[in-house]
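To start, the structure under review is shown below, and the notes come after it.
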Amino acid sequence: MSQELSEQEEQRRLTLQKIRELGMEPYPAEAFEVTHFAESIKAEFQEHQTVQIAGRMMSQRIMGKASFAELQDSSGRIQVYFNRDELCPGEDKTLYNEVFKKLLDLGDFIGITGQVFKTQVGEISVNVTSFKLLSKALKPLPLPKTDADGNTHDAFTDPELRYRQRYVDLVVNPKVKETFVTRSKVFSVMRKIFDQHGFLEVETPILQPIPGGAAARPFITHHNALDIPLYLRIANELYLKRLIVGGFDGVFEFAKDFRNEGMDRTHNPEFTVMELYVAYKDYRWMMEFTENLLQEIALAVCGTTEIRVGQNNISLKAPFKRVTMREAILEHTGYDIADKSEEQLRSICAALNIETQPEMGVGKLIDEIFGEKCEGNYLNPTFITDYPIEMSPLCKRHRDNPSLTERFELMINGKEVANAYSELNDPIDQRERFETQLQLSERGDNEAMFIDQDFLRALEYGMPPTSGIGIGMDRLVMLLTNNHSIQEVLFFPQMRPEKTVSLSELDKAILSICTDTAQLLSDARSKVDCSNKQWDLSVKHLTKNQLVKVYKEQDELLIKKV
RNA sequence: GAUUCCGUAGCUCAGCUGGUAGAGCAAUACACUUUUAAUGUAUGGGCCCUGGGUUCGAAUCCCAGCGGAAUCACCA
């Protein structure tokens with residue numbers, strides 16, 4: 001960690017020294033009493049009111065014996081006024097001349113006491129009578145400036161830096177903070193509504209012996225004491241249904257799920273889903289509940305149901321449109337998929353220029369057509385209903401058509417936001433569906449579901465008719481905050497580790513010998529000129545940093561690049 | 001995984017067809033008692049992402065790597 005300090009960082013460390021030499025503590029232990037916030041002082045202007053505020057000093061305009069600075073607290077910024085002779089009425093002007101003018105840096109936390117007033121230009125400010133350094137900043141913040149026309153200059157925009165150092169992003173970019181405040185509000189509004197319905201917030205295991213409830217590749221870990229593999233959950237559905245079996249009428253969980261798949265604008269390896277299960281309801285009830293829920297969230301969070309997302313105006317006013325999967329495909333492609341065989345669907349795909357894989361069954365093929373030709377068209381909220389049974393192994397058969405299920409997905413802005421079922425509670429049907437999944441998996445679908453015997457046992461004890469829904473919280477927040485990327489709505493999106501490993505000459509030499517194809521360790525050894533000890537050390541260093549891999553295969557030690 | 005683009009001061013970015021590295025803000029010093037992108041004068045600050053190559057000479061051209069972004073592919 002011994003990084004070279006920049007000129008400015010050296011400077012601030014020197015300043016820190018000087019502060020201590022003056023007998024001041026740059027990181028005091030005692031609390032500072034805050035009586036007001038920047039925004040409330042401005043909103044409820046009261047001339048001469050005495051206030052104590054605390055925050056970061058974000059700008060300084062020094063004009064000899066008087067100065068202005070801006071203080072930023074959790075609510076926003078307010079201008080503060082330092083006058084030498086008011087701050088230091090006696091002979092000793094150190095506090096102003098030295099401490100304020102020289103020893104305070106932008107980004108430092110200070111607490112001030114002063115009186116509210118309006119400047120000649122009309123800006124509400126605080127006239128400082130005393131101030132105290134609360135915490136010294138040793139690194140300079142990037143400091144965007146806003147001019148009279150509201151244009152921002154030198155904004156801190158580099159996405160890599162913004163995500164890796166979100167704390168800086170939050171200090172410096174108020175919009176970012178707003179996004180996360182909105183995110184939090186969405187969660188609390190939903191909790192409130194669920195609470196009003198008498199639903200119970202629950203917690204279910206994140207470490208699961210069988211990763212069920214969805215089709216996705218899991219992260220795997222190991223429990224030492226039990227010596228078993230455990231999976232990070234890809235969904236919590238099966239556990240929540242067990243709770244319905246146990247007699248709760250409504251349960252919900254805001255759950256972090258984990259999927260070991262690609263990352264892009266709409267996917268992060270860990271993401272948040274809200275799942276809700278309500279007994280004695282069906283998916284029609286759930287549609288009504290969902291549209292009212294979203295409408296209320298929009299009103300509470302945006303103050304309106306009419307939101308703008310990118311180029312599109314979207315109305316979250318209930319009720320939402322309902323379109324069956326069959327109608328959707330018929331409308332956008334002209335093909336009727338009802339009662340079509342796998343072969344027929346495959347030729348429809350061919351006619352529509354949609355690529356197919358041999359392991360795709362009826363469900364996947366239909367999903368492919370919908371995803372390719374229909375999904376993107378639904379900007380305003382639309383319930384797509386009645387999915388083919390092959391795509392929905394946990395969903396109850398449709399009451400009017402046994403080849404369909406009672407399922408809907410809610411599409412907004414061309415993307416899936418929610419997925420809901422009349423839950424399958426027939427244990428025998430459920431077992432058969434799992435077995436079909438197993439066959440798909442044997443056919444090469446590496447996302448087909450595992451069979452959870454305990455879940456089937458639970459169903460055999462009887463689960464009341466139930467409707468359940470999962471809402472992708474990150475995507476919902478993206479919609480409501482008009483953000484284009486999931487990284488913008490996660491505080492700490494997953495990034496490649498930034499640490500670059502420092503390699504010795506020998507490390508580099510060995511690394512250059514290793515390739516993607518494995519070779520015998522002894523062969524690699526013979527190509528490098530060094531002592532055995534050096535070799536051993538270097539290879540261990542490289543494997544520890546995941547640059548090469550050494551492993552055994554049929555009693556041969558092999559080495560290859562990772 | 002594929003393609004394209006990007007990586008230069010604390011931040012935002014210039015730097016042409018190769019010739020010892022530039023601006024604004026930030027920093028340092030001085031001046032200035034109601035400013036607000038405060039102002040004026042002066043000063044300091046760089047492994048030009050890393051490693052190779054071409055060349056008398058590379059921030060610049062070529063190759064490889066690392067990191068990021070976008071588009072596509074994958075993804076319930």
Could you check whether the rings of Phe370(A) and Tyr378(A) sit parallel, tilted or perpendicular, using 30° and 60° as the cut-offs?
->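 Geometry flag for Tyr378(A) against Phe370(A): parallel rings.
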
[X] has a side chain; which of [options] sits nearest to it?
X         : options                   : value
Asp85(A)  : rU35(B), rU33(B), rA69(B) : rU33(B)
Asn83(A)  : rU35(B), rG44(B), rU33(B) : rU33(B)
Leu106(A) : rC13(B), rA27(B), rU33(B) : rA27(B)
Gln11(A)  : rG68(B), rU12(B), rU28(B) : rU28(B)
Gln120(A) : rU71(B), rU34(B), rC11(B) : rU34(B)
Glu368(A) : rU33(B), rC74(B), rU36(B) : rC74(B)
Val121(A) : rU12(B), rU36(B), rA69(B) : rU36(B)

Could you give the distance separating [M] and [N] at their [atom1] atoms, to the nearest angstrom?
N       : M       : atom1 : value
rU20(B) : rG24(B) : C1'   : 24 Å
rU3(B)  : rC47(B) : P     : 33 Å
rU12(B) : rU34(B) : P     : 35 Å
rC66(B) : rU54(B) : C1'   : 23 Å
rG65(B) : rC5(B)  : P     : 16 Å
rA31(B) : rA59(B) : P     : 42 Å
rG45(B) : rG22(B) : P     : 13 Å
rU60(B) : rU43(B) : P     : 30 Å

Taking atom CZ of Phe37(A) as the centre, does the number of heavy atoms from other residues, nucleotides or ligands within less than 6.0 Å exceed 12?
->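 For Phe37(A), atom CZ is not crowded (no more than 12 foreign heavy atoms under 6.0 Å).
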
Arg56(A) versus Val171(A), closest heavy-atom pair with distance |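 Looking at all heavy atoms of both residues, the closest pair is NH1-CG2, 3.6 Å.
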
State whether the distance check finds a donor on one side and an acceptor on the other, under 3.5 Å, for side chain Thr119(A) versus base rU35(B).
->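 Looking at the base of rU35(B), it does pair with a donor or acceptor on the side chain of Thr119(A) (distance under 3.5 Å).
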
Polar side-chain contact Glu7(A)-rG44(B) base: donor and acceptor under 3.5 Å =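 Donor-acceptor pair under 3.5 Å: yes.
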
Using whole Å, what does the distance between atom [atom2] of nucleotide [N] and atom [atom1] of [X] come to?
X         : N       : atom1 : atom2 : answer
Asp264(A) : rC74(B) : CG    : C1'   : 9 Å
Ile366(A) : rA76(B) : CD1   : C1'   : 14 Å
Arg164(A) : rA69(B) : CZ    : C1'   : 13 Å
Met58(A)  : rC25(B) : CE    : C1'   : 14 Å
Leu71(A)  : rU35(B) : CG    : P     : 21 Å
Gln8(A)   : rA29(B) : CD    : P     : 13 Å
Arg12(A)  : rA27(B) : CZ    : C1'   : 9 Å
Met263(A) : rA73(B) : CE    : C1'   : 16 Å

Report yes or no: do Asn127(A) and Asn83(A) form a side-chain donor-acceptor pair below 3.5 Å?
->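 Their side chains do not contain a donor-acceptor pair, so the 3.5 Å distance test is not met.
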
Are a donor atom and an acceptor atom from the side chains of Glu70(A) and Ser59(A) found within less than 3.5 Å of each other?
->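 The criterion, which ignores hydrogens and geometry beyond distance, is satisfied for Ser59(A) and Glu70(A).
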
Assign [X] to base, sugar-phosphate, or nothing according to its heavy-atom contacts below 4.0 angstrom with the strands shown.
X         : answer
Glu123(A) : base
Phe68(A)  : base
Lys102(A) : sugar-phosphate
Tyr387(A) : nothing
Glu409(A) : nothing
Arg265(A) : sugar-phosphate

Please determine if [X] and [Y] form a salt bridge, counting it only when a charged side-chain N lies under 4.0 Å from a carboxylate O.
X         : Y         : answer
Asp169(A) : Lys177(A) : no
Lys145(A) : Asp154(A) : no
Asp367(A) : Lys364(A) : no
Glu270(A) : Lys256(A) : yes

Tyr81(A) pairs by ring pair (Phe, Tyr, Trp, His ring centres under 6.0 Å) with which of Phe100(A), Phe131(A), Phe117(A), Tyr96(A)?
->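 Considering Phe100(A), Phe131(A), Phe117(A), Tyr96(A), a ring pair (Phe, Tyr, Trp, His ring centres under 6.0 Å) with Tyr81(A) is found only for Phe117(A).
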
Residue matched to [N] through Watson-Crick or wobble contacts both under 3.5 angstrom:
N       : answer
rG40(B) : rC30(B)
rA76(B) : none
rU55(B) : none
rC48(B) : none
rG22(B) : rC13(B)
rA70(B) : rU3(B)

Please state whether the phosphate of rC75(B), meaning OP1 or OP2, lies under 4.0 angstrom from any side-chain nitrogen or oxygen of Lys364(A).
->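 Yes, because at least one side-chain N or O of Lys364(A) sits under 4.0 Å from OP1 or OP2 of rC75(B).
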
For nucleotides 37-42 of chain B, list the nitrogen or oxygen atoms of the protein found under 3.5 Å from its nitrogen or oxygen atoms, one pair per line.
residue : atom : partner   : partner atom : Å
rA37(B) : O4'  : Thr146(A) : O            : 3.1
rA37(B) : N1   : His153(A) : ND1          : 3.0
rA38(B) : OP1  : Lys145(A) : NZ           : 2.5
rA38(B) : OP2  : Arg61(A)  : NH1          : 3.0
rA38(B) : N6   : Ile62(A)  : O            : 2.7

Specify the residue among Gln487(A) and Met391(A) whose closest nucleotide of RNA chain B lies further upstream toward the 5′ end.
->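 Nearest nucleotide further toward 5': that of Gln487(A).
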
For Phe156(A) and for Ala66(A), locate the closest nucleotide of RNA chain B by heavy-atom distance; then report the residue assigned to the nucleotide nearer the 5' terminus.
->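 On the 5' side of the pair lies Phe156(A).
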
side-chain contact (heavy atoms from CB on, under 4.5 Å) against Glu98(A), all qualifying residues, sequence neighbours excluded |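 Counting only residues at least two positions away or on another chain, Glu98(A) forms a side-chain contact (heavy atoms from CB on, under 4.5 Å) with Thr94(A), Lys102(A).
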
